[in-house]
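The analysis underlying the following values was restricted to heavy atoms, covering all of them including side chains, and did not include hydrogens, waters or symmetry mates. Since this is a predicted model, take the numbers as computed values, not measurements.
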Amino acid sequence: MGPVVTVRRVGHIAPGVSDPGRRRTGLILIYCGLFSPFGTLLLRSFLLGIPREMEEAARVDGAGELRVFLQVVLPNALPGILTVALTTGLSACNEFLFAVTMIQSDAKMPPSTTFFTFQQGFTQNFTLISAAGFVMIAPMLILFLLLQRKFINGLANSGMGGI
C-alpha cells in the first residue's frame, strides 16, 4: 500500500481535488507501474527471438546503428510491440480494484466496474451481464482483427515465420 499512497501524493489524487485531470494522472502512473513489468518481460522475450544474423548482415552492408535499428530491428519487433500494447491495454481496460478505489465519478469508471453494479442482493441480471461482457470485449476484438494483418506481415517479413 506504500507505493499507492506515494503515487496519490504525486498525482494529487484526493477526494477534495476539483481537477479531474490530476486524478487520472495518478491512476495512469499506477497502471504504468502495474503493467510495465509484464510488458517488459514479454517484449524482451520477443526481442531475444530476433536473429542476430540479420543485424550483422545489415552492418556488413554498411548500415550504421540507427539504420540497423530503424530498418531491421524495429520492423521485426513491431508484432511484439503490438502484442504488448494490446495485452497491456486490455489489462488496463479490465482493471477493477484501483479504478473503483481512485475514481469518484461514475461516468469515468471503466467498463469492468459495470459488472459490480448488476448485482442486486442475491440476484444477478444475466442479460445485462452478458451485454456488458460483449461491450467490453468488442473494442479489443475489433482492434485485434484490424491489427491481425500487421502481426502476420511482421512475422512473414522478419524471416521468423517458420520458426
Looking at [atom1] of [X] and [atom2] of [Y], how far apart are the two atoms once the value is rounded to the nearest 0.5 Å?
X	Y	atom1	atom2	value
Ile81	Leu86	CD1	CG	13.5 Å
Leu147	Met140	CG	CE	10.5 Å
Leu146	Phe144	CG	CZ	11.0 Å

Give a yes or no on whether [X] and [Y] share a hydrophobic cluster (residues Ile, Leu, Val, Met, Phe, Trp, Tyr; joining criterion: side-chain heavy atoms under 4.5 Å apart).
X	Y	value
Leu43	Leu74	yes
Val68	Leu70	yes
Leu66	Leu47	yes
Ile137	Leu90	no
Ile129	Val135	no

side-chain hydrogen bond (donor to acceptor under 3.5 Å, both in side chains) with Arg67: which residues, sequence neighbours excluded?
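Applying side-chain hydrogen bond (donor to acceptor under 3.5 Å, both in side chains) to Arg67 gives Gln71.
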Min side-chain heavy-atom separation Phe38-Thr87 under 4.5 Å
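Sidechains of Thr87 and Phe38: in contact.
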List the atom of [X], the atom of [Y], and the distance in Å for their closest heavy-atom pair.
X	Y	value
Pro79	Phe46	CB-CZ, 4.0 Å
Ile50	Val73	CD1-O, 4.3 Å
Phe69	Pro75	O-CD, 4.4 Å

Tell me every residue that passes salt bridge (Lys or Arg N to Asp or Glu O under 4.0 Å) with Arg59, counting only those two or more places apart in sequence or in another chain.
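For Arg59 the salt bridge (Lys or Arg N to Asp or Glu O under 4.0 Å) partners, ignoring immediate neighbours, are Glu55, Glu65.
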With sequence neighbours excluded, give me every side chain to side chain donor-acceptor pair (under 3.5 Å) pair touching residues 26-36.
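Pairs touching residues 26-36 that pass the test: Tyr31-Glu95.
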